[in-house]
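Notes follow once the structure below has been shown.
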There are 2 protein chains.
Amino acid sequence: MGRLSRKVEILNAASKVVSKRGIFNLTLDAVAEEAGISKGGLLYHFPSKEALVEGMVEHLAKNYREKIANNAEADENQRGSWIRSYVDVTFNQTYENKDMNAGLLAAKAVNADLLDPIRNLYEEWQEHIENEGIDPMKATIIRLATDGIWLAELFDIYHIEEKKKQEVYKVLLKLIDE
Amino acid sequence: MGRLSRKVEILNAASKVVSKRGIFNLTLDAVAEEAGISKGGLLYHFPSKEALVEGMVEHLAKNYREKIANNAEADENQRGSWIRSYVDVTFNQTYENKDMNAGLLAAKAVNADLLDPIRNLYEEWQEHIENEGIDPMKATIIRLATDGIWLAELFDIYHIEEKKKQEVYKVLLKLIDE
DNA sequence: TTTACTATACTATCCGGACGGTATATATTC
DNA sequence: GAATATATACCGTCCGGATAGTATAGTAAA
């Protein structure tokens, strides 16, 4: 297997379509074209649009879960490693964040039940964050503030200057260790 | 004018459709039915779907702006009145919050430029929050944490227990006055 | 009679998904 | 090893239904 599986390629294409062209252009034709496959081929792998979105959410939940977990494990300081990892990953806007947003929007649009894997993720993280030696309330507030950044970026609502964003980032990290 | 203007009724109906049935069901027919009007009547008031969504966003931005401002003015304590108002309104989940979410999602889906009034609102509030006697960084973090609650409720992603939510609320309010 | 509003009928486009095929690889049987 | 069968992966067309938007004729009130 020298390349990503076709399924994963399709899922990435779907995220790309949403990110670049919006939910209303998440059509089977558009995804097929972006993935370089025919519509028939797409439907072979995902028998319906809903199945496609389901796949998107599951895939991104898996990726994100691993990313945060690996990041937390790599931290030499155990205390607060999960909340630190969460803050890190959210602030370091990567392509995964975009995929996350695309998946969230797609699931919310197609069928809110498809958000379940994200709900599970959210609760898992909260569980970790509240049980790693940091005052739970403080940890929760740091987490929520991080989610606030996420909201602003999801809707591109608040053009926070990079410098200011980095300051917030630093303050949140410092708060963890106080 | 003993009743709301027809336009406003239509805008409320549109928000309701999005809240109850999702973005993909924000169709002219569905909005017309929800508003108790014909499709022709709807198109008389809003000549296109985009115009309708534009109307939604402008209307909710106006309402929200007034609501936060009134709340801030009614506060006997000047210091921190805006951030307090912002936290209050966001935590007290009202129908306006639902409308806000519906409008955000609709604008994001139809044409992200339509989010401009929200961008303006966001920056206005930030301006107030950073200049009312509270340490700007602290105020920003409180605001972001509040937005985190907003994100969770927008996607119904985190089933925070009401009790816990109220604790967070209280802690944020207390932080303002520290 | 103008303005504000409503209703109905219709058009053109788009989209999900079904479907009939094709190509290739691997087993199985004789 | 030739012939037959089966599974997997993929392609491109077609169709019914939904939807945005148009055209037009009407009503109520000021």
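Below, all heavy atoms of this structure are taken into account, side chains as well, without hydrogens, waters or symmetry copies. Residue numbers start from 1 in every chain, and the chains themselves are labelled A, B, ... in the order their sequence lines are given, proteins ahead of strands.
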Could you tell me how far apart A/F24 (CZ) and D/dA20 (P) are, to the nearest whole angstrom? 8 Å
Taking atom CD of B/E33 as the centre, report whether more than 12 heavy atoms of other residues, nucleotides or ligands fall under 6.0 Å from it. no
For D/dT8, take OP1 and OP2 only and decide whether either is under 4.0 Å from a side-chain N or O of A/H45. no
Side-chain donor-acceptor pair under 3.5 Å between B/E153 and B/N97, yes or no? no
B/K49 NZ to D/dA18 C1': how many Å, rounded? 11 Å
Could you give the CZ-to-P distance, from A/F46 to D/dC10, as a whole number of Å? 11 Å
With respect to the phosphate group of D/dC10, does any side-chain polar atom (N or O) of A/R6 fall under 4.0 Å of OP1 or OP2? yes
What integer distance in Å separates B/D29:CG from D/dG17:P? 16 Å
Which label fits B/W125 and B/Y64: parallel for a plane angle under 30°, tilted from 30 to 60°, or perpendicular past 60°? tilted
So, is B/S38 near the phosphate of C/dA7, with a side-chain N or O under 4.0 Å from OP1 or OP2? yes
Quick one: which of D/dC11, D/dT8, D/dT19 gets closest to the side chain of B/T27? D/dT19
Atom CG of B/L43 to atom C1' of C/dT8: distance rounded to whole Å? 13 Å
Give a yes or no on whether a salt bridge exists between A/E124 and A/R65, defined as a side-chain N under 4.0 angstrom from a carboxylate O. yes
Rounded interatomic separation in angstrom, taking CG from A/N25 and P from C/dC14: 11 Å
What's A/L52 touching, base or sugar-phosphate or nothing? Going by heavy atoms closer than 4.0 Å. nothing
What's the closest nucleotide to the side chain of B/Y44 if the choices are D/dC10, C/dT6, D/dA20? C/dT6
Between C1' of D/dT19 and CG of B/L28, the distance in whole Å: 8 Å
Heavy-atom donor-acceptor pair, A/K39 side-chain to C/dG16 base, under 3.5 Å: yes
Within the 4.0 Å heavy-atom criterion, would you say A/L42 contacts the bases, only the backbone, or no part of the nucleic acid? nothing
Can you tell me the distance, in whole Å, between the CD1 atom of B/I37 and the C1' atom of D/dT27? 14 Å
Regarding B/Y169 and B/D88, is there a side-chain donor-to-acceptor distance under 3.5 Å anywhere? yes
